[in-house]
Amino acid sequence: MAEQRKSFPFSEFEPKWQGHWESKKTFSVPNPGEPGFDASKPKFYVLDMFPYPSGSGLHVGHPEGYTATDIITRYRRMKGDNVLHPMGWDAFGLPAEEHARKTGEHPRINTENNVNNFRGQLKRLGFAYDWDREVNTTDPDYVRWTQWIFLQLYHSYYDETTQKARPISELEAKGLSRDEIDAKRLAYVAEAPVNWCPDLGTVLANEEVEEWRSKGHTVERRPLKQWMLRITAYAQRLIDELDGLNWPEGIKLLQKNWIGRSEGAEVDFSIGGEKVTVFTTRPDTLFGATYMVLAPEHPLVDKITTTAQKEAVEAYRKACSAKSDLERTELAKEKSGVFTGGTATNPVNGEEIPVWIADYVMMSYGTGAIMAVPAHDERDFEFAKQYGIPVIEVVKAPEGNTETCFTGNGTAIHSGFLDGLSTPEAKAKIIAWLGEKGLGKKTINFKLRDWLFSRQRYWGEPFPIIWKDGRHEAIAESELPLLAPELEDYKPSGSPEPILSKATAWVDLGNGVTRETNTMPQWAGSCWYYLRYCDARNTDRFMSREAEDYWLGKNGKPGGVDLYVGGTEHAVLHLLYARFWHKVLFDLGHVGTPEPFQKLVNQGLILGEDGQKMSKSRGNVVNPDDVVAEYGADSLRLYEMFMGPLEQVKPWSMKGVEGVYRFLARVWRLVMESNQEDVWVLNAKLAEVDPDKATDKVVHATIKKVGEDIEDMSFNTAISQMMVCTNELTKLEQVPVSSVLLLLKALNPFAPHLTEELNATLAASFASVDKTDLANQPWPAYDPAKLIEDEVEIVVQVNGKVRDKMFVANGAPNEEVEKLALASDKVKSFIEGLTVRKVIVVPGRLVNVVAN
RNA sequence: GUCGGCGUGGCGGAAUGGUAGACGCAGCGGACUUAAAAUCCGCUUGGAGCGAUCCAGUGCGGGUUCGAGUCCCGCCGCCGACACCA
């Protein structure tokens, strides 16, 4: 290919137009109050999930979503919107630091190189980003506001009555003690069992463990003092407020399940005078409780264990603590547990039931203790069977049930005053009864845990916190950003002591005052970057009120960003964390919308040619740079969109790239042809003539379909329609310039370089052609009158099977169409000997003759 | 195990309940060329037939309907997420 002549000179005009857009700032969009801002235009905020600038550069998965949003951006601009379409870098993170550890080079250098590489790659794809708004989470200017937001969390608590974050100062005014206040902050310190990874020298969030483990690192459980964010306070709102969002239902469900709301009751049992509270979703089965289980870590275990059982209990607890959560579930095939020797009193009937510890009960969920009802809970049933514990049936299953352990709704039996009640009635009654006696209450529990927010690494935002007399304290906002000091080396110490503690001069502020040495996780920067884009260079505030009001508001919807496109891998964590931060900022009055992202679309994974996930080890990775070099950026863009529906998983095909490349070459040759000297000259077939009816029809049908398909994000079918249109125009002896121009406008959002080049060429040769860049021209309107045919083809069916086709005048009355159909020889031959029962006419489409 | 998504030619994929397979790839035939590449034209779901045509066909089995890839019920398979959450 290298020596072979290209089908069109993309390598010349693509860089040319990219330079043109950059120097003319074609896609820069001013903010309210800035020169050139047009308040009369509607706003549209199109956002890509910004990349982590890895050392290996862009892969073909990136341009998939980016091209989709780029097409929307260019289309909406042509439709007259003010479009905000920015790009930036999620540049903190472990790999840069691992690189620093190996090479001794500061992570900033490595990150900068990678960012430059990524930016260059994106620019070579011709994306319509407003590069003036580029953000980088590692920039001091950005870190400053990430830390500022952290301080907002630190200085706030969640007010249960109003269900809103409020300033800590309100608690101070109420006279709460320092300890009471610290226990309520949205950002707080807690001793928690965490996932410690010795080789990385950091603690990982539960969600991150699997990723690093699969990369060969070991992760162990340890109790450590950590910063936590009180996301659980927002659990209910994070579920409820999904309702107003235009997200895929599957993703909403994923988030709801992750948050894991369940309604039930807390019930107090007593163990030798000591109160133990259990959580259950089935308080109606209280009479069927035949034993109790405490989590091995439960604080009461020591108190209740009898001397005889002490040894067994200790051994079991030790074995459990060595296991991570993951191992606990991996080994979940078989239940295990140990009897403590103690018994608990069931509050409904005074029965004494044995108390066990077992690792199928988690300390971190509910109260860390359960009442076990083996007759109606599969886990309890399994456990009871294994240890020979009695099973008492207290819910009668409906007729026909065959399960040995019935967990559904039925009728209460053997349950005293609940007998005869349906499960929901029994639940309500027992809860009321427990309430009266002060033995329990209705409770809602969530699976969601608070967010472990500290890391022990270097390449992240330091906490804007100092320690004085064993207490934490925020530094002043005026001291932000607080940047990490330079270090001699970046090796983790192997102990959970954060790397920053090596910088003793930075840490030690004298008089026993020290800096917090933990850093924030990578999620921090990505939690609010979409806000910073609105006003990326603001030095006074994370964004101005005016910018916030314009770009995130104005359309009465809960979400500020109009369209957010990215991979499903962020379906839960990133999107949940960002929603949480956004809600805190909303509660405190810093943003005006309750949700960050109104519409969410997940692009599907692109597989290698072999149908396998792309990976270096499989050798099936496609590098976008190679594709651009061989076929051009427009071909890559177009192929990414032509492969199939955006949200679908689909394999790459170089032959497919060639296909769209050939299509673009055909478009090129509509305008250009090569002369005897092999020089591209204007195609002699072009003429400023009126198109014939058929040509008009296909061109206008194309404008209509492409516009509709872009709005539906059905880019593949839009492209196929443009192929049809191009094929029709190619066939013509005389090609009307006006028709070609309309095609170029429709194609412009997809293949901006080629179409701008051809438009400029046409403008230079034909007086009727507007010299304005297509990017700055309006989207063409189609003429519905041109889509109407004089005659339409009607399908004639007999008993639902196609037997004939005929042309009838458009708008012919049904009776006439029916008559024509029945007159068809083919129809006659198929209904011979049968009685026509019914004739169905679908105007303009078909006739179905029903006969038997 | 639970939840979600998907099953259509050799391949990627199109089809408001109304002609299944648009468009592209691959393949076959032809034109141009000394030849090839590029380009252009035609064919291309399977089966039967010289042919006009006919029969079958959207994972499998039922159902609703004049008519089902599309709607309903029950299975099977693949992919993804979660996974003892009381």
Side-chain angles (χ1 to χ4, degrees), chain A residues 1 4-7 248-254 256-258 260-262 264 278-282 285 293 295 325-326 328-333 335 358-362 364-373 376-380 382-383 407 445-449 568-569 571-572 604-605 607 611 639 642-645 647-660 662-663 665-666 669 674 714 716-724 726-727 730-731 793-805 826 837-842 844-852:
Chain A
M1 181 85 193
Q4 197 197 307
R5 193 175 191 288
K6 293 182 170 70
S7 300
E249 285 306 315
I251 301 292
K252 287 189 185 181
L253 204 64
L254 221 53
K256 283 183 192 167
N257 291 342
W258 187 267
R261 180 187 202 272
S262 62
V278 302
F279 174 72
T280 176
T281 55
R282 292 297 301 270
T285 62
V293 186
D325 274 0
L326 204 86
R328 264 164 86 147
T329 54
E330 272 169 3
L331 302 171
K333 309 277 181 291
K335 296 271 178 297
D359 67 357
Y360 81 93
V361 172
M362 311 282 156
S364 49
Y365 182 77
T367 59
I370 63 158
M371 62 173 209
V373 184
H376 306 290
D377 182 285
E378 298 200 15
R379 296 151 303 189
D380 298 344
E382 223 178 287
F383 190 86
T407 59
N445 246 308
F446 296 94
K447 279 200 278 184
L448 185 70
R449 324 259 171 94
T568 347
E569 65 272 23
V572 175
L605 195 67
L607 306 172
Y639 177 65
F642 189 61
M643 292 173 82
E647 305 191 44
Q648 199 163 299
V649 179
K650 44 211 178 277
W652 188 266
S653 157
M654 264 325 177
K655 287 288 186 189
V657 180
E658 274 179 46
V660 294
R662 278 200 282 266
F663 160 63
R666 281 164 80 85
R669 289 197 309 272
S674 117
S714 303
N716 55 331
T717 50
I719 293 166
S720 84
Q721 178 64 36
M722 290 188 280
M723 287 173 168
V724 170
T726 303
N727 291 345
T730 300
K731 284 181 196 157
E793 194 183 27
I794 299 273
V795 168
V796 185
Q797 298 181 333
V798 176
N799 290 332
K801 287 190 179 177
V802 180
R803 297 304 183 186
D804 201 3
K805 292 170 190 183
K826 291 208 184 105
R837 301 289 175 190
K838 205 175 183 182
V839 179
I840 286 148
V841 180
V842 181
R845 282 230 161 236
L846 62 67
V847 181
N848 189 11
V849 179
V850 185
N852 61 6

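Please read all numbers here as calculations on a predicted model, not as lab measurements. Each chain gets a letter, A, B and so on, in the order its sequence line appears, and its residues count up from 1. What's counted below: heavy atoms across the whole structure, side chains too, no hydrogens, waters or symmetry copies.
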Both Leu448(A) and Leu253(A) contact RNA chain B. Taking the nearest nucleotide for each, which residue is further toward the 5' end? Leu253(A)
Give the C-alpha distance, both sets of side-chain angles, the deciding distance and a yes or no for side-chain contact (heavy atoms from CB on, under 4.5 Å) between Thr285(A) and Asp377(A). CA-CA 10 Å; Thr285(A) 62; Asp377(A) 182 285; over 6 Å; no
Rounded interatomic separation in angstrom, taking CG from Asn799(A) and P from rA68(B): 11 Å
Describe the nucleic acid contact of Val850(A) in one word from base, sugar-phosphate, nothing, applying a heavy-atom distance below 4.0 Å. sugar-phosphate
Assign a letter to each nucleotide of nucleotides 13-18 of chain B from its 5' end: B, base within under 4.0 Å of a protein heavy atom; S, sugar-phosphate only; -, no contact. SSSB-B
Using a 4.0 Å heavy-atom cut-off, does Thr281(A) contact any base of the nucleic acid, only the sugar-phosphate backbone, or nothing at all? sugar-phosphate
Would you please name every residue forming a ring-ring contact (aromatic ring centres under 6.0 Å, His included) with Tyr639(A), sequence neighbours left out? Trp652(A)
Are any side-chain N or O atoms of Lys650(A) and backbone N or O atoms of Gln648(A), one a donor and one an acceptor, separated by less than 3.5 Å? yes
Would you check if the side chain of Asn445(A) reaches a backbone N or O of Ser262(A) as a donor-acceptor pair within less than 3.5 Å? no
Which part of the nucleic acid, if any, lies within contact of Lys805(A), taking any heavy atom under 4.0 Å across all strands shown: a base, the sugar-phosphate backbone alone, or nothing? base
As a quick check of understanding, evaluate side-chain contact (heavy atoms from CB on, under 4.5 Å) for Met723(A) and Phe642(A), giving each step before the final call. CA-CA 11 Å; Met723(A) 287 173 168; Phe642(A) 189 61; 3.8 Å; yes
Choosing from rC3(B), rC66(B), rC84(B), which nucleotide comes nearest the side chain of Asn257(A)? rC3(B)
Starting at NZ of Lys805(A), measure out to CG of Leu846(A) and round the result to the nearest 0.5 Å. 12.0 Å
Verify the contact: side-chain N or O of Lys801(A) to OP1 or OP2 of rA56(B), cut-off strictly under 4.0 Å; return yes or no. yes
How should the glycosidic conformation of rG5(B) be described, syn or anti, under the criterion that syn lies within 90° of 0? anti
Could you state the NZ-C1' distance from Lys256(A) to rG4(B), rounded to the nearest angstrom? 13 Å
Could you list, one pair per line, each protein nitrogen or oxygen that sits under 3.5 Å from a nitrogen or oxygen of nucleotides 39-43 of chain B, together with the distance?
from, atom 1, to, atom 2, distance (Å)
rU39(B), O3', Arg669(A), NH2, 2.9
rC40(B), OP1, Arg666(A), NH1, 2.4
rC40(B), OP1, Arg669(A), NH2, 3.2

Taking only residues two or more places apart in sequence, or in another chain, which ones meet Arg666(A) in a side chain to side chain contact (heavy atoms under 4.5 Å, CB included)? Arg669(A), Thr726(A), Asn727(A), Thr730(A)
Hey, does the side-chain of Lys655(A) have a donor or acceptor N/O within less than 3.5 Å of a partner on the base of rC11(B)? no
Cation-pi check, Lys335(A) to Tyr360(A): give yes when NZ or CZ is under 6.0 Å from the six-membered ring centre and within 45° of the ring axis, no otherwise. yes
Side-chain N or O of Ser262(A) versus OP1/OP2 of rA86(B): is the shortest distance under 4.0 Å? yes
Starting at the 5' end of RNA chain B and moving along, which residue's nearest nucleotide shows up first, Glu793(A) or Gly659(A)? Glu793(A)
Listed range with range, the stems formed with RNA chain B by at least 3 consecutive Watson-Crick or G-U pairs (under 3.5 Å) are B:1-7 with B:76-82, B:10-12 with B:23-25, B:27-31 with B:39-43, B:45-48 with B:53-56, B:59-63 with B:71-75
With sequence neighbours excluded, residues passing side-chain hydrogen bond (donor to acceptor under 3.5 Å, both in side chains) with Gln721(A): Thr702(A)
Quick one: label Glu249(A) by what it contacts on the DNA or RNA (base, sugar-phosphate, nothing), any heavy atom closer than 4.0 Å. nothing
